[in-house]
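What follows is a set of notes on a single structure, which appears directly below.
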Amino acid sequence: MSTGLAPGSLPLLAGDLDRAVGTLCSAVLASMQRSDQRAKGERYVRGLLMTEGRKSMRNIALHLGADAAGQSMHHFISCSTWDWRPVREALARHLETVLGPQAWVLRPMTVPKAGEHTVGVERRLDPGSGRVVNSQRAYGLWSVSARGSSPVNWGLHLPAGWLADRARRSRAKIPERWGESSPGECAGRAVVEAARGWGLPRRPVVLDLDGPESAAAVAACQAAGIPFLARIDDSVLLPAAGTGRREARAQQLLTAASGGSARVPVQWWDPVRGRARSSLAVTVRLEERAERAGQRPGGAQQGRPGAAAAARPLPVRPGGTEPGSAGRGGGGRGGLTLLGEWSDGLPWPTEYWLTDLNGPPAALLRLAKLARRVERDFEDVGEPAGLREFEGRSFEGWHRHTTLASVAHAARILTSDGAPALVRSA
């Protein structure tokens, strides 16, 4: 089927978006060695933005003219020789210039799938829905500013069953070098690859992950010297003594420290709800709290019945960085800080964060809220751009599709009207 376009021409998008796609693709697809690959890459990005409904290769091909048959498009994504890694690095560098990111945010992406042949698929618990679903589990590293956010790197978790099965591994074209790792290690690798390997300005990373995923990603960031702020749950056990021999639940530490003037009011803009919101923030420097562990209510031996059995230790080590110096590569070593948020009038903390950044509670909480920016942009821009809609079966095909979908997402973000600043003064 043809759309009437001359061979080699590009379908046009509206106004600023059309120009943005051209500029962005020129900047980030330059690593592709052949001109025909660069042209196909830009056509694919345009097809993702133009195609309504499912972003299947057939539907995308229908918008790209006579020379872009579905089979040719499938080959370009699933079987071609171009490397997605330099494209991602170039995208991150471009966004450094035009987006002015404050931080990175690492978040999971669950992709429900039918059948068992799509690379990495297995039945697993989806923390977001609480249901066991047949799905892929991926992790996106997003470059984030008050203006918007865009993914720049991805990790796709490959379960042990996929790596041990030679036939499945061969069909999915999983590289021989790819060894087994936990979901959290896969997530951490996506951060370290970008933060340490691309020569970008040093920035903190907000780890918006679940349970054990967060613990493994924290360990990866600490080993690489990357400043982090990680979401944790109230059952996590944290060091509560200078020797590290005593531990307490995050909820207990925050409750003990939250009386009087310890709760700091914070105003912040919520892009998901589209309005300003107010919260109360409390921070606990773990080495300071340790001196009093066991001497105040809320110590490690107290809490609701059965709490100790559900608690999980988080393997962390001390280390600190100043938020203001994170982008300049500065920051001294210090202790870990526990951050708690009280919101919506509830008497207990609604969110818990652990960080090696030093800073006032308001600054740390606003940094954590960058995850809300990513949440909205993923739903409003990323999903329509096809981030979750790769229908092929190969490992490399998944990475190539997700890379070009990230480029399409970035083009849409850079031509949006923007949104009220996420970070506002209290």
Over all atoms of both residues, closest heavy-atom pair of Ala281 and Val266 | CB-CG2, 4.0 Å

Roughly how far, to the nearest 0.5 Å, is the CG atom of Leu253 from the CG atom of Asp234?
-> 11.5 Å

Looking at residues at least two apart in the chain, or sitting in another chain, which of them share a ring pair (Phe, Tyr, Trp, His ring centres under 6.0 Å) with Trp178?
-> Phe395

Quick one: are Arg372 and Arg277 in side-chain contact, heavy atoms under 4.5 Å?
-> yes

Sequence neighbours left out, what pairs pass ring pair (Phe, Tyr, Trp, His ring centres under 6.0 Å) with at least one residue falling in residues 132-157?
-> Trp142-His409

Check the surroundings of atom CZ in Arg85: do more than 12 heavy atoms from other residues, nucleotides or ligands lie under 6.0 Å from it?
-> yes

Is the shortest distance from a Lys or Arg side-chain nitrogen in Glu185 or Arg189 to a carboxylate oxygen in the other one below 4.0 Å?
-> no

So, do Leu339 and Thr355 sit near enough that their side-chain heavy atoms are less than 4.5 Å apart?
-> no

Mind checking side chain to side chain contact (heavy atoms under 4.5 Å, CB included) for Ser278 and listing every partner two or more places apart, or none if nothing turns up?
-> Gln267

Those residues at least two apart in sequence (or on a different chain) that pass salt bridge (charged side-chain N to carboxylate O under 4.0 Å, His left out) with Glu96 are Arg203

Can you tell if the side chain of Ile77 reaches within under 4.5 Å of the side chain of Leu404, non-hydrogen atoms only?
-> yes

Rounded to the nearest 0.5 Å, the CG atom of Leu338 sits from the CH2 atom of Trp353 at a distance of 12.0 Å

Between Gly188 and Ala220, which heavy-atom pair has the shortest distance, and what is it?
-> CA-CB, 3.9 Å

Between the OG1 atom in Thr283 and the CG atom in Leu357, the distance rounded to the nearest 0.5 Å is 12.0 Å

With distance as the sole test, does His401 use its side chain to make a donor-acceptor pair with the main-chain N or O of Gly386 at under 3.5 Å?
-> yes

Applying side-chain hydrogen bond (donor to acceptor under 3.5 Å, both in side chains), run through Thr118 and Arg393 and close with a yes or a no.
-> CA-CA 4 Å; Thr118 302; Arg393 295 180 177 180; 5.5 Å; no

So do Pro265 and Leu280 actually touch side chain to side chain, heavy atoms under 4.5 Å?
-> yes

Check whether any side-chain heavy atom of Phe228 lies under 4.5 Å from a side-chain heavy atom of Gln222, and answer yes or no.
-> yes

Do any N or O atoms from the side chain of Arg373 and from the backbone of Pro271 form a donor-acceptor pair under 3.5 angstrom?
-> no

Determine, stepwise, if the pair Arg46 / Asp18 fulfils side chain to side chain contact (heavy atoms under 4.5 Å, CB included).
-> CA-CA 8 Å; Arg46 290 173 180 272; Asp18 184 73; 2.5 Å; yes

Leu29 and Gly41: which non-hydrogen atoms are nearest, and at how many Å?
-> CD1-C, 3.8 Å

For Arg388, which residues count as a side chain to side chain contact (heavy atoms under 4.5 Å, CB included) partner, sequence neighbours excluded?
-> Met109, Val111, Pro112, Phe378, Glu383

Distance (rounded to the nearest 0.5 Å) between Leu125 CG and Arg137 CZ = 8.5 Å

Can you list the steps and then say if Asn59 with Thr51 is a side-chain hydrogen bond (donor to acceptor under 3.5 Å, both in side chains)?
-> CA-CA 7 Å; Asn59 287 345; Thr51 303; over 6 Å; no

Do side-chain atoms of Arg147 reach the backbone of Leu414 as a donor and acceptor pair under 3.5 angstrom?
-> yes

Give the intermediate values and the outcome of salt bridge (Lys or Arg N to Asp or Glu O under 4.0 Å) for residues Arg376 and Asp270.
-> CA-CA 9 Å; Arg376 197 199 78 168; Asp270 186 350; over 6 Å; no

How would you list, by chain and number, every residue that makes a side chain to side chain contact (heavy atoms under 4.5 Å, CB included) with Ala172, sequence neighbours excluded?
-> Val119, Trp162, Ile174

For Leu156 and Cys186, what are the C-alpha separation, side-chain angles and deciding distance, and is it a side chain to side chain contact (heavy atoms under 4.5 Å, CB included)?
-> CA-CA 7 Å; Leu156 176 65; Cys186 175; 5.7 Å; no

Flag the pair Arg88 and Glu193 as a salt bridge only when some basic side-chain nitrogen lies within less than 4.0 angstrom of an acidic carboxylate oxygen.
-> no

Given Arg231 and Leu209, is the side chain to side chain contact (heavy atoms under 4.5 Å, CB included) satisfied, shown in steps?
-> CA-CA 6 Å; Arg231 183 193 300 277; Leu209 302 172; over 6 Å; no

Apply side chain to side chain contact (heavy atoms under 4.5 Å, CB included) to Glu351 and Lys369, showing your working.
-> CA-CA 11 Å; Glu351 288 191 356; Lys369 293 305 177 183; 3.6 Å; yes

Where is the tightest heavy-atom contact between Leu99 and Ser149, given as atom of each residue plus distance?
-> CD2-CA, 4.4 Å

Which pair of heavy atoms, one from Leu106 and one from Ala190, lies closest together, and at what distance?
-> CD1-CB, 4.5 Å

So, do Leu238 and Tyr352 sit near enough that their side-chain heavy atoms are less than 4.5 Å apart?
-> no

Quick one: CG on Leu207 to SG on Cys221, what's the gap to the nearest 0.5 Å?
-> 5.0 Å

Assess whether side-chain hydrogen bond (donor to acceptor under 3.5 Å, both in side chains) is satisfied between Ser343 and Thr350, documenting all intermediate values.
-> CA-CA 6 Å; Ser343 63; Thr350 52; 3.0 Å; yes

Report yes if the side chains of Trp342 and Leu254 come closer than 4.5 Å at any heavy-atom pair, otherwise no.
-> yes

What distance separates Gln252 CD from Arg249 CZ, expressed to the nearest 0.5 Å?
-> 6.0 Å

Aromatic Trp82 / basic Arg400 pairing, under 6.0 angstrom, 45° off normal = yes

Distance-minimising heavy-atom pair for Arg124 and Pro159 = NH2-CG, 3.8 Å

The residue among Lys55, Met57, His399 that forms side chain to side chain contact (heavy atoms under 4.5 Å, CB included) with Phe390 is Met57

Is any side-chain heavy atom of Glu89 closer than 4.5 Å to a side-chain heavy atom of Leu200?
-> no

